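Encoded as structure tokens, the structure appears first; notes follow it.
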There are 2 protein chains.
Amino acid sequence: MKQSKIGQRKTTQREAISAVIRQAEGPLTVEEISERASKLVASLGLATVYRTVKLLLESNEISIVSIPHSHDRYEASDLAHHHHFRCRNCRLVFDLPGCILPIPDGTSLPGGYKVEAHEVTLIGTCPECNGG
Amino acid sequence: MKQSKIGQRKTTQREAISAVIRQAEGPLTVEEISERASKLVASLGLATVYRTVKLLLESNEISIVSIPHSHDRYEASDLAHHHHFRCRNCRLVFDLPGCILPIPDGTSLPGGYKVEAHEVTLIGTCPECNGG
DNA sequence: ATTGATGCAAACCTTTTGCAACAGC
DNA sequence: GCTGTTGCAAAAGGTTTGCATCAAT
């Protein structure tokens with residue numbers, strides 16, 4: 001299985017977008033990726049961000065994360081299993097280490113639902129915003 | 001506090017949209033609401049669905065639910081706390097009874113994150129799709 | 001009869017696509 | 001130099017809004 005087949009050519013745009021996602025504090029929206037990557041490439045077009053994100057998704061280098069009240073976000077696929085925290089104040093989304101759900105994937109729930117994966121989002125205020 | 005102030009007038013369109021959401025097996029997308037409510041009102045326009053959903057949100061009769069890989073969904077606000085299950089096969093989203101997260105709202109996590117709410121989505125196959 | 005609600009079409013915003021110019025290899 | 005990639009602008013989707021008409025009160 002090949003990894004990182006994000007297209008045939010290594011371009012500065014793709015390097016920048018990939019780096020921005022990998023170095024983020026949590027999953028980013030396309031808008032956030034564009035803002036941060038534009039600081040590295042300047043002339044970067046939005047269409048390139050969309051195209052590259054799609055490419056990275058198809059090559060499984062990144063994954064989609066859905067957070068309530070926000071557009072789809074993207075994060076590196078090779079991160080250890082974890083969950084997310086969204087700050088109601090600054091709107092940033094952070095990774096939280098580890099899994100806090102007591103139901104392992106593979107469980108069958110009463111009713112016949114077979115669980116294969118899960119997503120947990122905690123919502124509240126982050127340390128910067130609550131002075132904690 | 002007044003409830004159900006979904007506008008000043010009771011119209012068949014609003015009744016239909018509200019009924020569809022309340023009777024659903026889980027949270028619905030605008031598209032699903034439109035499809036189901038159109039069977040009750042026939043001439044129902046999409047703009048009316050959007051306007052009514054926004055109205056129901058503002059009056060707190062319904063709430064937004066974000067499910068990975070799907071548009072925003074809406075459910076009645078007076079449901080008991082619960083979580084959601086999304087079937088990878090038929091794409092439907094179901095309500096699951098009760099809370100399965102061992103972290104109560106109000107908890108402060110190490111790192112300074114103060115948890116005020118949470119959302120949990122389980123993903124897998126539903127009984128209809130896995131023959132269970 | 002009054003005025004809020006609806007349906008349609010235009011406007012908007014986000015995401016995708018066509019294409020000529022550009023840049024990896 | 002060949003051909004994949006980029007940036008721009010046009011197109012496509014989904015959501016919102018303006019407005020004349022319709023209907024709840």
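Computed from a predicted structure; not experimentally measured. Chain A is the first sequence line, chain B the second, and so forth, proteins listed ahead of strands; every chain is numbered from 1.
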Practice problem: Decide, yes or no, whether a salt bridge links A:E32 with A:R73 under the criterion of side-chain N to carboxylate O below 4.0 Å. | Solution: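 So A:E32 pairs with A:R73 through a salt bridge.
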Could I get the full list of salt bridge (charged side-chain N to carboxylate O under 4.0 Å, His left out) partners for [X], not counting sequence neighbours?
| X | answer |
| --- | --- |
| B:E119 | none |
| A:E15 | none |
| B:R86 | none |

Please tabulate, for the side chains in residues 35-44 of chain B, all donor-acceptor contacts under 3.5 angstrom to protein atoms that are two or more places apart in sequence or on a different chain.
| residue | atom | partner | partner atom | Å |
| --- | --- | --- | --- | --- |
| B:R36 | NH1 | B:E25 | OE1 | 3.2 |
| B:R36 | NH2 | B:E25 | OE2 | 3.3 |
| B:S38 | OG | B:S34 | O | 2.7 |

Exercise. Look at the side chain of A:R51 against the base of D:dG4 and say whether a donor-acceptor pair falls under 3.5 Å; ignore hydrogens and angles.
Key: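 By the distance-only test, no, there is no pair.
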Nearest-Å distance for atom pair [atom1]/[atom2], residues [X] and [N]:
| X | N | atom1 | atom2 | result |
| --- | --- | --- | --- | --- |
| B:D72 | C:dC13 | CG | C1' | 15 Å |
| B:L46 | D:dT17 | CG | P | 15 Å |
| A:H71 | D:dG13 | NE2 | P | 18 Å |
| B:K54 | D:dG14 | NZ | C1' | 13 Å |

Self-check item: OP1 or OP2 of C:dG7 under 4.0 Å from side-chain N/O of B:S43
Solution: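 Looking at the OP1 and OP2 atoms of C:dG7, one of them is under 4.0 Å from a side-chain N or O of B:S43.
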Quiz item: Which residues pass the ring pair (Phe, Tyr, Trp, His ring centres under 6.0 Å) test with B:H118, sequence neighbours left out?
Solution: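 Partners of B:H118 under the ring pair (Phe, Tyr, Trp, His ring centres under 6.0 Å) test: B:H81, B:H83.
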Quiz item: Which residues pass the side chain to side chain contact (heavy atoms under 4.5 Å, CB included) test with A:A47, sequence neighbours left out?
Solution: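 If we apply the side chain to side chain contact (heavy atoms under 4.5 Å, CB included) test to A:A47, skipping adjacent residues, the hits are A:R51.
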Quiz prompt | 5'-most by nearest nucleotide on DNA chain D - A:R14 or A:A47 | solution =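 Its nucleotide being nearer the 5' end, the pick is A:R14.
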Quiz prompt | Summary of protein contacts for nucleotides 20-25 of chain D, nucleotide by nucleotide, where a base hit scores B, a sugar-phosphate-only hit scores S (4.0 Å, heavy atoms) | solution = ---BBS
Self-check item: ILVMFWY clustering at 4.5 Å (side-chain atoms), partners of A:L92
Solution: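 Its cluster mates, by chain and number, are A:F85, A:F94, A:L96, A:I100, A:L101, A:I103, A:L109, A:Y113, A:V115, A:V120, A:L122, B:F85, B:L92, B:F94, B:L96, B:I100, B:L101, B:I103, B:L109, B:Y113, B:V115, B:V120, B:L122.
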Quiz item: In residues 23-36 of chain A, what residues come within less than 4.0 Å of DNA chain C, judged by heavy atoms?
Solution: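 Contacting residues: none.
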